[in-house]
Amino acid sequence: MSSKPADYTLLDNVQDSSTLALSGDWVQGQHLSTFGALQTELASRHLTHLSVDGAALGNWDSVLMAFLLKCHDYSHTQAMTFETRNMPQGIEQLLAVATAVEAHKAPTEDSPALLSSFFLQNMARDLWGHLRESLAFTGEVTLALVRLAQGKANTRLVDFKTFCFQAGPNAFAIISLTSVLVGMILAYLGAVQLKQFGAEIYVANLVVIGMLREMGVLMTAVVMAGRTGAAYAAQLGTMQTQEEIDAITTMGISPIEFLVLPRMLALIVIMPLLTLYANLLGIIGGGIVAGGMGIAPIQYILQGETALSFSHVAVGLIKSLVFAVLIAVAGCRAGINSGRSSAAVGQAATNAVVTALVYLIVADAAINIIFQYLKI
Amino acid sequence: MTEQTPPPAHIEVRDLTMAYGSSVIQRDLNFDVNRGDIFVIMGGSGCGKSTLLKHMLGLIRPSCGDILYSGESFFQASASRQGAMRQRWGITYQSGGLFSAMTLAQNITLPLELYTRYTEAEIVDIVAYKLALVGLAGYQSYYPSEISGGMQKRAALARAIALDPEILFFDEPSAGLDPISSRLLDELIVQIQESMGATVVIVTHELPSIFAIATNSVYLDNISRTMIAYGNPADLRDHSPQPVVRQFLTRSAAAATEDKP
């Protein structure tokens with residue numbers, strides 16, 4: 001069966017009314033001319049009545065219906081009466097269904113310009129927004145902690161244990177890998193430079209102090225931000241889309257106490273332990289490289305011992321506690337404030353990691369400055 | 001085309017046994033859905049209605065038996081053939097199944113872009129028309145999360161009819177809707193079915209819907225784990241030899257399950 005091209009002819013006016021005769025096959029792939037051309041012609045005729053004749057129509061599909069609907073809507077806006085004649089079966093009924101409900105007038109909004117989201121001003125505003133949300137969130141968490149201390153919080157021990165397990169033992173493998181490698185990198189970088197002064201042996205000091213004060217805790221925090229912080233955001237975001245957080249709230253349970261506290265406390269307990277573990281492995285990794293550079297293990301250990309002091313360990317542990325809180329706040333806040341669509345959950349996870357990393361670096365710098373000032 | 005043999009039914013379910021692992025959900029299902037039917041799959045909660053629908057949609061492979069569309073087996077067809085068959089179906093899922101990250105217009109545009117040769121301008125017009133059909137004209141730029149549950153169901157229907165399907169599947173279309181919205185949706189289904197000439201398969205246990213729109217139905221029993229009634233629901237209500245089916249359709253207080261051994 002050969003298909004005839006879809007076409008329309010606007011017949012001459014009879015007084016103020018005109019007939020639009022449709023012919024051919026109105027199906028996909030015909031690429032008929034746009035409604036715009038017809039619209040200008042209709043406008044030039046100043047009609048009060050438009051009737052559409054389908055006597056010569058062949059096959060048809062949605063494209064015809066879309067055309068008829070446009071004719072109808074146009075007639076409607078121009079206060080013209082509209083009718084269809086000799087239409088194949090089904091069309092009039094479909095048109096009746098399609099035009100039964102008045103079109104919804106969407107409130108007009110200024111669509112943001114494409115580039116504007118990259119403007120510094122907007123970035124700053126976003127960051128400020130995040131910061132304010134985080135502060136408010138931290139306040140709520142503090143209040144919840146107070147209630148927990150009073151023994152009035154709805155925080156379940158079993159949740160806390162689960163999250164401890166997820167954040168701790170399950171992260172051993174990745175923490176081991178990163179900290180051994182970071183220790184090796186530190187030792188390698190230091191050894192190459194120190195060798196020029198014949199002071200390779202001080203590689204041990206460099207690795208011990210570097211790992212304990214800075215790299216051990218920072219690498220652990222970065223891994224936890226990506227691993228645990230993002231997971232928290234995704235869990236809570238999904239709970240938000242499934243109305244689980246609404247359910248918790250309406251049961252009279254504070255979502256902060258029930259969902260956020262166990263996660264945050266788990267991180268606070270686990271992070272220092274992971275940091276100690278990372279420190280140890282980093283120092284061992286440094287020892288491997290030092291061994292390769294001709295420093296005997298016993299020399300490395302003895303030299304390292306001279307650098308080891310309680311204050312270095314304490315600095316790392318204090319940082320790990322601060323970082324734990326920051327990662328938990330960034331992750332949980334992003335999750336709790338997530339939108340209710342699948343894209344929003346992804347956005348929340350991204351947010352969690354990005355804000356956590358920014359917080360980590362800024363906090364690390366701040367803590368270093370404070371300790372420098374205090375001469376610790 | 002010669003008219004000697006009657007054309008095969010639109011959907012034929014043959015000796016279908018559905019099972020998850022070793023637990024059988026339903027066995028020996030045999031029924032036809034004729035062209036132009038509004039066919040209802042009914043039964044108590046947990047009897048496997050939705051599972052049957054998932055089998056008909058080819059989402060789950062039957063452990064035994066086959067499903068034929070216009071005489072062609074779905075599960076023995078090649079992957080590309082299955083894809084071609086699926087393009088002629090429109091499906092609305094129990095919770096809508098709209099893509100939450102896309103606007104309504106984008107939801108409906110997606111299948112049109114993938115499977116048709118319409119131009120971009122035509123697609124814009126067709127999307128407007130499909131939304132108008134379900135009473136959502138002007139809601140193109142809304143996200144599913146910004147409209148009510150009933151509107152989401154209708155938007156899902158608009159997406160289901162985007163490709164002018166031959167078969168429309170509905171999983172619990174009126175679940176979670178108020179009686180009036182639910183009735184309007186029923187009417188909409190009938191109007192679209194009549195004017196597009198599609199075959200409709202509905203999973204539901206809403207009695208008013210069943211009597212209002214169904215032309216044929218099958219009842220799945222969750223005790224004997226097979227179909228125990230097949231026919232027009234109004235006939236079944238009055239004349240079914242199975243007391244369980246009559247009780248289900250008359251909403252009798254006597255627990256349907258207690259009559260069975």
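Every chain is numbered from 1 and lettered A, B, ... according to where its sequence line falls, protein lines coming before strand lines.
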Among A162(B), S195(B), P144(B), G135(B), residue most engaged with chain A (heavy-atom pairs, under 4.5 Å): S195(B)
Polar contact flag, side-chain donor to acceptor under 3.5 angstrom, T199(B)-R35(B): no
F67(A) and Y8(A) aromatic centres sub-6.0 Å: yes
Whether Y139(B) and H104(A) hold their rings parallel, tilted or perpendicular, with breakpoints at 30° and 60°: parallel
Toward chain B, the part of L94(A) with a non-hydrogen atom under 4.5 Å: both
Residue among L136(B), L163(B), D125(B) with most heavy-atom pairs under 4.5 Å to chain A: D125(B)
Structural part of L188(B) lying under 4.5 Å from a heavy atom of chain A: side chain
Closest-packed option against chain B by number of heavy-atom pairs under 4.5 Å, given A344(A), G339(A), S62(A): S62(A)
Lys NZ or Arg CZ of R263(A) over Y232(A) ring: under 6.0 Å, within 45°: yes
Taking every non-hydrogen atom, the tightest pair across C71(A) and L20(A): SG-CD2, 4.2 Å
